[in-house]
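Notes for the one structure printed next.
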Amino acid sequence: QVQLVESGGGLVQAGGSLRLSCAASAGTFSRYNMGWFRQAPGKGREFVGAIGWTGDLLYQKDSAWGRFTVSRDNAKNTVYLQVNSLNAEDTAVYYCAAQRRGTVSAASGEYDYWGQGTQVTVSS
């Protein structure tokens, strides 16, 4: 069982940046693929980005997602999501998730453990 705790969300003005963190409890964190998803009000859960346990990265192909950067620090059992040039459409609850097996995935169903989420609200 892995416990994931997100932090770093809050209220930010449009154009600003945030770095979200996700701390994992498990000692085998370095062997998990880690993903970030978000869910805006009234919408489904959406893939943001992921990083494999080997460091390989996966993002949405649309260039609009180039504002998002995923990284990890295995020594701290933590994965990060850097978001730049925030806009109102980025308002959502952001979740991190851990995938035990397979190649790093954009599919939420492939992830085994989820955090409670952290709210990001962008004001215009």
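A heavy-atom distance below 4.5 Å is found between the side chains of N84 and Q82. Proximity of C22 to Y94: side-chain heavy atoms (C-beta onward) are nowhere separated by under 4.5 Å. For the pair Q119 and T91, the minimum side-chain heavy-atom distance is below 4.5 Å.
Clustering ILVMFWY residues whenever any of their side-chain heavy atoms sit less than 4.5 angstrom apart, transitively, puts V2 in a cluster other than the one holding V5. Following chains of ILVMFWY side-chain contacts shorter than 4.5 Å, one can reach M34 starting from Y113, so the two form part of one hydrophobic cluster. V104 is not connected to L81 by any chain of hydrophobic side-chain contacts under 4.5 Å among Ile, Leu, Val, Met, Phe, Trp and Tyr, and they are in different clusters. Under the 4.5 Å side-chain heavy-atom criterion for grouping Ile, Leu, Val, Met, Phe, Trp and Tyr, Y95 is not connected to W65 through any hydrophobic cluster. By the criterion of side-chain heavy atoms lying less than 4.5 angstrom apart, applied directly or through intervening Ile, Leu, Val, Met, Phe, Trp or Tyr residues, V122 is grouped together with V83 in one hydrophobic cluster.
No donor-acceptor pair closer than 3.5 Å links the side chain of Q39 to the backbone N or O of A92.
When all heavy atoms of F29 and A24 are compared, the pair lying nearest together is CD1-CB, 3.4 Å. Between S17 and S85, the shortest heavy-atom distance links the atoms OG-N, 4.1 Å. Nearest heavy-atom pair across R67 and L86 is NH1-CA, 4.0 Å. Across L11 and S123, no two heavy atoms sit closer than the pair CD1-CB, 4.1 Å. Nearest heavy atom pair, residue L58 against residue S105, reads CD2-C, 3.6 Å. Heavy-atom minimum distance, Y111 versus N33: CE2-O, 4.1 Å.
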Exercise. Take R100 and Y32 through the test side-chain contact (heavy atoms from CB on, under 4.5 Å) and record every step on the way to the result.
Key: CA-CA 5 Å; R100 289 182 298 175; Y32 290 101; 3.1 Å; yes
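Taking Y80 as the reference, nothing meets the ring-ring contact (aromatic ring centres under 6.0 Å, His included) condition, with sequence neighbours excluded. Applying the salt bridge (charged side-chain N to carboxylate O under 4.0 Å, His left out) test to R72 and every residue at least two apart in sequence or in another chain returns nothing.
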Give every donor-acceptor pair under 3.5 Å between a side-chain atom in residues 40-55 and any protein atom, sequence neighbours left out.
| residue | atom | partner | partner atom | Å |
| --- | --- | --- | --- | --- |
| E46 | OE1 | R38 | NE | 2.9 |
| E46 | OE1 | R38 | NH2 | 3.4 |
| T54 | OG1 | D56 | OD1 | 2.6 |

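The side-chain contact (heavy atoms from CB on, under 4.5 Å) test with C96 singles out one residue from V70, L20, L4, and that residue is L4.
Taking CG of D90 as the start and OG1 of T121 as the end, the distance is 11.0 Å to the nearest 0.5 Å.
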